[in-house]
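A, B, ... follow the sequence lines: proteins, then strands. Residue 1 opens every chain. We use all heavy atoms of the structure for the numbers below, so side chains are in, but hydrogens, waters and symmetry mates are not.
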Protein chains: 4
Amino acid sequence: MTTTLRADAARNRDRVLATARALVAEGDLSLQLNDIARRAGVGVGTVYRHFPTRRALLEALAADAFAALLDQAQAASRDDDPWAGLQRLLRSILLGQLTEPTLAEVLSTSPDEDATAPTTTRRGELAALAATVLERATRAGQLRPGLTLDDLQHLVCGTAFAARIADAPDDRVELYLAVLLAGVRAPGQGSSPPA
Amino acid sequence: MTTTLRADAARNRDRVLATARALVAEGDLSLQLNDIARRAGVGVGTVYRHFPTRRALLEALAADAFAALLDQAQAASRDDDPWAGLQRLLRSILLGQLTEPTLAEVLSTSPDEDATAPTTTRRGELAALAATVLERATRAGQLRPGLTLDDLQHLVCGTAFAARIADAPDDRVELYLAVLLAGVRAPGQGSSPPA
Amino acid sequence: MTTTLRADAARNRDRVLATARALVAEGDLSLQLNDIARRAGVGVGTVYRHFPTRRALLEALAADAFAALLDQAQAASRDDDPWAGLQRLLRSILLGQLTEPTLAEVLSTSPDEDATAPTTTRRGELAALAATVLERATRAGQLRPGLTLDDLQHLVCGTAFAARIADAPDDRVELYLAVLLAGVRAPGQGSSPPA
Amino acid sequence: MTTTLRADAARNRDRVLATARALVAEGDLSLQLNDIARRAGVGVGTVYRHFPTRRALLEALAADAFAALLDQAQAASRDDDPWAGLQRLLRSILLGQLTEPTLAEVLSTSPDEDATAPTTTRRGELAALAATVLERATRAGQLRPGLTLDDLQHLVCGTAFAARIADAPDDRVELYLAVLLAGVRAPGQGSSPPA
DNA sequence: GATGAATGAGTGTTCATTCAT
DNA sequence: CATGAATGAACACTCATTCAT
């Protein structure tokens with residue numbers, strides 16, 4: 001059986017990820033593969049084997065958060081109330097980015113830029129779910145005319161950026177989210193969903 | 001007299017700035033001093049003399065755009081209509097960032113981070129003008145409660161970020177600006193200023 | 001019985017050789033064992049088991065061509081006409097090198113340099129046959145005085161080198177071969193063998 | 001004055017060249033810039049400043065020998081006797097390559113492959129001189145028909161290769177040169193120039 | 001003031017070889 | 001026998017910064 005070997009490999013992979021996560025948590029998003037290898041007590045080659053590029057590592061780091069985000073987006077897309085669905089969706093994307101900076105970088109980049117397959121898939125899934133939410137809100141006349149799916153994505157990334165440059169991001173998110181929501185809501189629709 | 005020398009120095013400084021500006025215009029924000037020196041036909045030491053750090057050069061590059069922004073902010077602060085003033089202020093800051101990427105970087109960074117004196121001064125002036133606008137809008141009940149001066153700055157930087165990651169930023173600014181304005185407006189105030 | 005295992009091993013060996021051959025045919029003589037293993041769909045260890053060094057693989061790749069060369073050398077050594085024999089020998093060695101670059105590398109290297117047993121054997125056989133041809137040509141007074149067996153080998157390798165750096169080696173071989181033959185012929189013997 | 005500074009730079013350049021030359025003399029033609037820097041007691045950057053690529057260093061190492069070769073080629077081209085001229089030319093090119101292995105590599109490579117300007121110039125000059133010699137020998141009916149300028153170059157490089165793989169190259173050159181000369185001489189012209 | 005050569009730490013990447021499974 | 005993960009030395013190249021002239 002190759003289970004044990006694979007277990008070793010998996011353990012190394014995890015060590016690399018853990019090390020990288022620690023660096024990200026310290027605010028270092030540079031993800032230098034040499035540095036990470038050294039800190040993880042692992043050969044450079046090992047890091048390169050698992051993550052051939054900085055991008056691959058970045059996406060691996062974002063993977064869990066992205067998966068969780070998809071779950072929340074799924075739930076949001078099932079909300080009966082179109083506006084509530086949009087609210088939930090945008091809040092999820094926003095909080096996801098603040099919780100996991102790597103997810104912010106992944107979402108702020110053009111999808112076709114060296115992206116690995118799983119990330120491309122996830123982005124597609126997120127887009128599909130978001131399209132549903134968007135369409136329902138649009139049909140309900142609750143979305144500001146002219147806003148596309150891409151616009152929503154850019155705007156929520158921008159809102160995350162705004163929170164990130166604040167001194168205490170966590171204290172600001174909800175307020176900034178409220179601004180975003182009020183901003184994307186169709187003018188004349190009021191600020192809260194119809195009861 | 002050192003006049004001649006100063007003239008030479010000034011010419012060198014201008015050459016460096018022009019070269020750096022050209023690079024920025026080409027989308028290269030890295031501002032590598034060696035590279036700039038070579039292209040400017042000037043010694044590295046000369047660049048270092050005028051701009052001891054990347055930050056110093058960045059702020060010098062942003063200076064003109066920042067000055068122009070201050071003028072517009074001044075005008076905005078004098079607008080009779082509080083909401084129109086806010087609109088003008090935010091549009092100016094937003095467009096300034098898109099026109100001059102260095103200004104975006106300057107404004108998106110914490111003020112006390114290696115900032116040079118002129119930039120610190122300008123930021124103070126901008127803050128003062130914005131405070132005026134903010135206060136008037138607040139007094140008129142037109143600003144979303146809870147938003148501070150800093151919040152406005154972060155949000156407008158976030159909006160610039162959103163535009164920047166769009167495929168065609170210029171086509172998106174006005175829409176994103178509308179979103180921002182609607183977002184920061186006090187709920188229940190409608191989307192246009194009272195006549 | 002280990003027959004089945006041996007069959008597997010032989011198949012792996014063949015796959016490695018085929019892959020390596022393909023690379024050589026594409027002009028890549030670097031013979032990187034990792035690369036070959038990956039392309040052959042085989043573990044690196046397997047490649048190492050069969051070919052412990054780059055040299056071992058190189059010689060294995062050259063083996064068939066070397067064997068064919070020995071056949072031709074045999075025939076040449078049986079030619080009644082001493083000069084014709086020499087001609088045939090040198091042409092065979094020359095063409096062999098151009099057809100199979102690995103053979104060129106094998107023949108251009110000192111025999112005792114990490115050579116594997118089969119190659120050492122083959123080199124010995126080739127030397128023996130060449131010695132025969134050489135001796136007969138010498139006895140017939142047709143070989144330039146002073147030329148040893150080694151000299152002939154070096155010169156034919158040099159001629160192969162000359163052809164290789166030409167733009168269209170195949171168009172040049174015969175001419176270069178004629179130069180070589182005229183060069184090694186004893187001065188005053190004319191350019192064609194006595195009738 | 002910048003003389004002293006330049007002197008320093010020149011000294012460093014010379015140190016690098018001397019170090020590289022020593023390595024070449026030891027038979028190491030790999031010319032690894034890092035290694036050379038370390039041995040020369042100089043920063044890597046210094047080596048890169050003077051020689052941006054391995055090729056640049058190679059050609060710098062070959063420069064003197066190439067210049068000397070050009071002198072000899074010039075002399076050869078002025079020889080009254082066409083055949084003597086050819087003899088002198090080929091001997092010079094051959095000995096030049098054996099004395100300076102870097103020259104062999106330079107001459108054995110396609111001229112347009114990353115070559116620096118001076119080398120391109122020198123190759124042009126050598127070709128011009130060789131063309132003269134070739135033409136005169138051809139007109140005198142002394143050159144084997146079909147041989148072009150390029151052929152001569154390839155053949156002399158091949159001869160150098162032959163000598164290089166011999167155990168005692170120096171003892172073999174003259175013999176190999178004789179072979180080359182007899183080979184390129186028009187058949188039926190005898191082995192020595194007309195008196 | 002200006003110059004630009006020099007530095008060398010830093011970063012990215014490859015690859016031959018080993019060895020536990 | 002086969003596998004392929006792991007290793008880490010080795011190599012290529014960059015660039016911010018210093019400093020002698």
Distance, rounded to the nearest Å, where Ile36(A) contributes CD1 and dT11(E) contributes P:
11 Å
Residue set satisfying side chain to side chain contact (heavy atoms under 4.5 Å, CB included) with Arg122(B), at least two apart, ordered chain then number -> Ala63(B), Phe66(B), Leu70(B), Pro118(B), Thr119(B)
Which residues pass the salt bridge (charged side-chain N to carboxylate O under 4.0 Å, His left out) test with Arg39(C), sequence neighbours left out?
Asp35(C)
Asn12(A) CG to dG4(F) P, straight-line distance once rounded to whole Å
17 Å
By nearest-heavy-atom nucleotide on DNA chain E, the more 5' of Val47(B) and Val47(D) is Val47(B)
Could you give the CZ-to-P distance, from Arg38(C) to dT3(F), as a whole number of Å?
15 Å
To the nearest angstrom, the CG-C1' distance between Leu57(C) and dT17(E) comes to 15 Å
Check whether any side-chain heavy atom of Val42(A) sits under 4.5 Å from a side-chain heavy atom of Thr19(A), and report yes or no.
no
Nearest heavy-atom neighbours spanning Leu29(D) and Arg54(D)
O-NH1, 2.6 Å
To the nearest Å, give me how far apart CG (Asp28(A)) and P (dG10(E)) are.
14 Å
Looking only at side-chain N and O atoms, does Thr46(D) come under 4.0 Å of OP1 or OP2 in dA5(E)?
no
Summarise how protein sits on nucleotides 10-16 of chain F as a single string, 5' to 3': B when a protein heavy atom is under 4.0 Å from the base, S for sugar-phosphate-only contact, - for no contact.
-SBB-SB
Shortest non-hydrogen separation from Arg164(C) to Ala104(C) and the atoms involved
NH2-CB, 3.7 Å
Give the nucleotide from the list dA2(E), dA5(E), dT7(E) with an atom nearest to the side chain of Arg49(D).
dA5(E)
Without decimals, in angstroms, what is the distance between Arg55(C) CZ and dA16(E) C1'?
18 Å
Canonical and wobble pairing (Watson-Crick, G-U, under 3.5 Å) of DNA chain E, dot-bracket with |
.||||||||||||||||||||
Rounded to the nearest Å, what distance is computed from the CZ atom of residue Arg11(D) to the C1' atom of nucleotide dA6(E)?
11 Å
Output all residues satisfying ring-ring contact (aromatic ring centres under 6.0 Å, His included) with Phe51(C), sequence neighbours left out; order by chain, then residue number.
none
Please list, chain by chain and in numerical order, all residues satisfying side chain to side chain contact (heavy atoms under 4.5 Å, CB included) with Glu100(D), sequence neighbours excluded.
Val24(D), Ala65(D), Thr102(D), Leu103(D)
When rounded to the nearest Å, what value does the distance between P atoms of dG1(E) and dT21(F) take?
22 Å
Between Ala160(B) and Gln97(B), what is the shortest heavy-atom contact and its length?
CB-OE1, 3.4 Å
Nearest heavy atom decides the nucleotide; on that basis, is Gly43(C) or Val42(A) closer to the 5' end of DNA chain F?
Gly43(C)
Show the nearest heavy-atom pair for residues Ala60(B) and Arg13(B), with the distance to one decimal.
CB-NH2, 4.4 Å
Return the value, rounded to whole Å, for the distance between atom NE2 of His50(C) and atom P of dC1(F).
8 Å
